[in-house]
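Accompanying notes for the structure given below.
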There are 2 protein chains.
Amino acid sequence: MRKAFLTANEVGRGHLENQRVRSGRVTIHDVAAAAGVSISTASKALNNTGRMGDDTRERVKRVATEIGFRPNALAKGLLSNRSFTIGLLTNDTYGRFTLPVMAGITEALVDHGVSVFLCTIEDDPALGKVHVDAMLDKSVDGIIASGKRIDRRLPVDLSNLPVPVVYAFTEGTPGSVAFCADDFQGAALAVEWLMGLGRRRIAHVTGPESFFSVRERARAYRSLAGDVLPVMYGTWSEAWGHEAVAKIWDAPGSKPDGIFCGNDQIARAVVDALRERGVRVPQDVSVVGFDNWEIVAAQTRPPLTTVDMNLKALGREAGLTVLALAEGRAVEPGIRTLPCELVVRQSCGGNPDH
Amino acid sequence: MRKAFLTANEVGRGHLENQRVRSGRVTIHDVAAAAGVSISTASKALNNTGRMGDDTRERVKRVATEIGFRPNALAKGLLSNRSFTIGLLTNDTYGRFTLPVMAGITEALVDHGVSVFLCTIEDDPALGKVHVDAMLDKSVDGIIASGKRIDRRLPVDLSNLPVPVVYAFTEGTPGSVAFCADDFQGAALAVEWLMGLGRRRIAHVTGPESFFSVRERARAYRSLAGDVLPVMYGTWSEAWGHEAVAKIWDAPGSKPDGIFCGNDQIARAVVDALRERGVRVPQDVSVVGFDNWEIVAAQTRPPLTTVDMNLKALGREAGLTVLALAEGRAVEPGIRTLPCELVVRQSCGGNPDH
DNA sequence: TTGAGATGAGAAAAGCTTTTCTCACGGCAA
DNA sequence: TTGCCGTGAGAAAAGCTTTTCTCATCTCAA
């Protein structure tokens, strides 16, 4: 007869009956007993500290491996005030920006045995506080704050926390450490690429001017392409991409031969709109996007050449920095910009193998 | 003169000098001292256990609040074998499925003081083991395994862990608890909606037949729409959506008046392809997608009517279940399917306010 | 042979909380 | 007055690991 219910013991607990019964977990007591030494000797052997005979050390290590001992991080953390845990706080519910950042953080820290709490707060200060408090209770070694844009704060006060805080892709408090992508350099990369392909009449269709990133990218655009065409500010939607193309092509006068878009969604719509008008991409017009959002950039026909902000690298840096702070190492405060890079696909023509 | 470097103390540590110096943290010792009682009395007062005068209890509580005492979760966990921490393991790097699941889990568990480790393993068994070990070291109360499809296992063995495991949107081991969306019901919802709008010649353009979800959806489609048109299996790409439309419309014979697509990407491409051919959506053909991937469904012109798998609710259930198991409560094993729902936008016509 | 120094290993405390056990005291009944 | 019981509160242990201090033993030199 099949049992109808199961408990945690049946669902997951392994069969460690031959070891400790009390908590089902192998502790350093068991190692010490099995190796015939004291607890302190066992500890020292495993941590390569203290003084003892090589044979003793080796024996303890071997025994520990054999019975599958893994030190309890809670006990270790209680003693050392290090939990090997950090928190990633974000208000980016889509994960568009946070997920690459998270991947970078994890990649950098997993080797150090650090795990990451992901806390998504949707612009809700109360929820933010709940999450921060929960993390502090758990003695996180540090917090990385992340968001959707670099000129907005998270709706939660992180300024007087008992743990270090690092900001990634969101605005930090004065005197803090913050990481962001170099919008100016990234935009310059895009415009230079277009110009390198011989494009001279380059338009810039982008998002709302209220975004710092938008202004930086526009500044780079203007400094390279000049003031031939006005920057077209709009929203971050495909609808705006279509609208912008209509505006340009429905107006009299000569048309652009290159369009630098503020993000990939706009770029995708621009490409679609051009195709619908019979304008060929990339033969007649080259289009560059921004973000390298795989799901948009790669699915566009033709696939988008676009600027990648290297968010994963950004996450990696942020992770290593918060770790350094947690370990008491000194870190220079301020905003660090990381360079973007161009991902060449087929929406510009030229050599796609670049 | 501005200082060039800062350490953790300056970055984040608050000013608690007036309280404990040793670890910078307010402990129950401080509460006891400030309230003039012993540690045990303080503990009992705060946890509403033990016996004592009401005045004592109130005083301790008030003092605790005043000096900002928060119990150390590490110490608590060491004692109770509960860390108020769970791990979410996934191989879905895009976060397409994991992020909504994660949101549901967090939403359900934050009230219980539980925080969630997010561990993304990219089909790398070694990395998976590293993450699982790291989580076990930290005494997670349970693990939720999640993925990209319900008929594939994560590349890591979770069958003999000392903590409960629950599967969400990925295949579980026999005898485990798993949650997934009801593909049959969801597909039926879509086809019925099309038929309710008077569509009779309904095509089904979907992903690879190797997916269980694809077969289930196709089964529902056939059971309702009959065998009028063959199911068109392909890939999960926009390219396939375009190709499928070309196949259908370039072939002789009468055309469909409704298309049920296996996911939103295919649906988007189908809508685009139809528009390019001058076929009007929704006037001539109604199109339904699957997934309700906001970024695709809402940006399609017209926005997609699509099936939502309720992944957030699924995450919520998974979270509550793993919590129940962690607390030793009995849970019925097996696969639980959660109903999908239809999100009506404009790609079908009919009443968008439904 | 005895004392010093080196070497290996164990005892104990600390880190923070909860829980069980014990104790002191006041009141009440015999 | 004595004994019992209930009440309120504290002492101590447990949970697991690391670190410091102490101790025992052995070797070698005087």
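Each chain gets a letter, A, B and so on, in the order the sequences are listed, and its residues count up from 1. In this text the structure is predicted, and so the values were computed from the model without any measurement.
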Can you give each donor-acceptor pair under 3.5 Å made by side-chain atoms of residues 83-91 of chain B, sequence neighbours left out, with the distance rounded to 0.1 Å?
| unit_1 | atom_1 | unit_2 | atom_2 | d |
| --- | --- | --- | --- | --- |
| B:S83 | OG | B:S139 | O | 2.6 |
| B:S83 | OG | B:D141 | OD1 | 3.4 |
| B:T85 | OG1 | B:S83 | O | 3.3 |
| B:T90 | OG1 | B:D92 | N | 2.9 |
| B:T90 | OG1 | B:T98 | OG1 | 2.7 |
| B:N91 | ND2 | B:D123 | OD1 | 3.0 |

Acceptor/donor pairs from residues 101-111 of chain B side chains to any protein atom, 3.5 angstrom cut, sequence neighbours excluded:
| unit_1 | atom_1 | unit_2 | atom_2 | d |
| --- | --- | --- | --- | --- |
| B:T106 | OG1 | B:M102 | O | 2.9 |
| B:E107 | OE1 | B:K312 | NZ | 3.2 |
| B:E107 | OE2 | B:R316 | NH1 | 2.9 |

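Contact check for B:R25 versus B:N72: side-chain heavy atoms found under the 4.5 Å cut-off.
With DNA chain D read from its 5' end, the first of the two nearest nucleotides for B:D55 and B:L78 is the one closest to B:D55.
Note that the CG atom of B:L325 and the CD1 atom of B:I143 stand 12.5 Å from one another [nearest 0.5 Å]. In this structure, B:L118 CG and A:S115 OG are separated by 10.5 Å, a value rounded to the nearest 0.5 Å. Here the CD atom belonging to A:E327 is positioned 5.0 Å from the CZ atom belonging to A:R82, to the nearest 0.5 angstrom. Here the OG1 atom belonging to A:T65 is positioned 8.0 Å from the CG atom belonging to A:L46, to the nearest 0.5 angstrom.
By the side-chain contact (heavy atoms from CB on, under 4.5 Å) test, B:A73 is found to be paired with A:D137, A:K138, residues two or more places apart in sequence or in another chain being considered. When the side-chain contact (heavy atoms from CB on, under 4.5 Å) test is applied to B:S38, the partners found at least two apart in sequence or on another chain are B:S40, B:T41. Residues passing the salt bridge (Lys or Arg N to Asp or Glu O under 4.0 Å) test with B:E317: none are found, sequence neighbours excluded. By the side-chain contact (heavy atoms from CB on, under 4.5 Å) test, A:T93 pairs with A:T120, A:E122, sequence neighbours left out. With sequence neighbours excluded, the residues forming a side-chain contact (heavy atoms from CB on, under 4.5 Å) with B:I39 are B:I28, B:H29, B:A32, listed by chain and number.
Residues B:F179 and B:Y167 place their aromatic rings such that the two centres sit no closer than 6.0 Å.
Look at A:E171 and A:R153 and you find a salt bridge, because one of the NZ, NE, NH1 or NH2 atoms lies within 4.0 Å of a carboxylate O, short of that distance. For A:D55 and A:R59, the salt-bridge test fails: no basic side-chain N is under 4.0 Å from an acidic carboxylate O.
Spacing between atom CD of B:E58 and atom P of D:dG8 amounts to 14 Å, rounded to whole angstrom units. Spacing between atom CG of A:D54 and atom C1' of C:dG8 amounts to 12 Å, rounded to whole angstrom units. Note: CE (B:M52) to C1' (D:dG8) measures 8 Å, nearest angstrom. Regarding B:R82, its CZ atom lies at a distance of 16 Å from the C1' atom of D:dG15, rounded to whole Å.
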Could I get a table of every N or O pair under 3.5 Å where one atom is in the protein and the other is in nucleotides 25-27 of chain C?
none

Atom pairs under 3.5 Å, N or O on each side, protein against nucleotides 25-27 of chain D: can you list them with distances?
none

Report summary line: Each nucleotide of nucleotides 17-22 of chain C classed B (base within 4.0 Å of a protein heavy atom), S (only sugar-phosphate) or -, in 5' to 3' order, makes BBB---

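Looking at residues 129-139 of chain B, you'll see that no heavy atom sits under 4.0 Å from any atom of DNA chain C.
The terminal axes of the helix from C:dT1-D:dA30 to C:dA30-D:dT1, fitted over 5 pairs per end, subtend an angle of 80° to the nearest 10°.
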